[in-house]
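In what follows, residues are counted from 1 in the order of the sequence shown.
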Amino acid sequence: MDQQQERPEPALADRERAVLALERRGFPGPGAKERAIREELGLAPVRYYQLLNALLDDPRALAHDPVTVNRLRRVREARRAER
């Protein structure tokens, strides 16, 4: 067997898990999510969405939270189809 197949992939970093956790939550009104992104993660919303988009293509994220990742992938695909 190839050594790369035997070696497990590294786990998601704390920040990556925090991004997925934030996406699982509901937010009461406009601006609440952006405020949570800044206060809880210390990120600008633009950077947050860049990280989130990369996570949607990461098999580790899918393994960690398949429900959230698959939901967000469907949303992303629907938005791409609208363009």
Okay, side chain of Arg73, backbone of Leu56: is any donor-acceptor separation there less than 3.5 Å?
yes
Residues that Glu77 engages under side-chain hydrogen bond (donor to acceptor under 3.5 Å, both in side chains), provided they are two or more places apart:
Arg80
Working to the nearest 0.5 angstrom, can you tell me the gap between [X] [atom1] and [Y] [atom2]?
X: Leu55; Y: Leu72; atom1: CG; atom2: CG; answer: 10.0 Å
X: Leu52; Y: Asp58; atom1: CG; atom2: CG; answer: 11.5 Å
X: Leu12; Y: Leu20; atom1: CG; atom2: CG; answer: 6.5 Å

With sequence neighbours excluded, what pairs up with Pro66 under the side chain to side chain contact (heavy atoms under 4.5 Å, CB included) test?
Leu62, Asn70
Partner set under side chain to side chain contact (heavy atoms under 4.5 Å, CB included) for Leu51, not counting sequence neighbours:
Arg15, Leu43, Arg47
Would Glu16 and Arg60 satisfy side-chain contact (heavy atoms from CB on, under 4.5 Å), going step by step from the backbone distance to the final call?
CA-CA 10 Å; Glu16 293 167 325; Arg60 298 172 305 148; 3.5 Å; yes
If you compare all heavy atoms of [X] against all heavy atoms of [Y], which two are closest, and at what distance to 0.1 Å?
X: Pro45; Y: Glu34; value: CG-CG, 4.0 Å
X: Tyr48; Y: Ile37; value: CD2-CD1, 3.3 Å
X: Phe27; Y: Ala36; value: CE2-CB, 3.7 Å

Residues that Arg35 engages under salt bridge (Lys or Arg N to Asp or Glu O under 4.0 Å), provided they are two or more places apart:
none
Applying salt bridge (Lys or Arg N to Asp or Glu O under 4.0 Å), name anything that partners Arg17, two or more places apart in sequence or on another chain.
Asp14
Could you give all pairs that pass the salt bridge (charged side-chain N to carboxylate O under 4.0 Å, His left out) test and reach residues 22-32, with sequence neighbours left out?
Glu23-Lys33, Arg24-Asp65, Arg25-Glu40
Among the clusters formed by ILVMFWY side chains lying less than 4.5 Å apart, do Tyr49 and Val75 turn up in the same one?
no
pair Val67-Arg71: side-chain heavy atoms closer than 4.5 Å
no
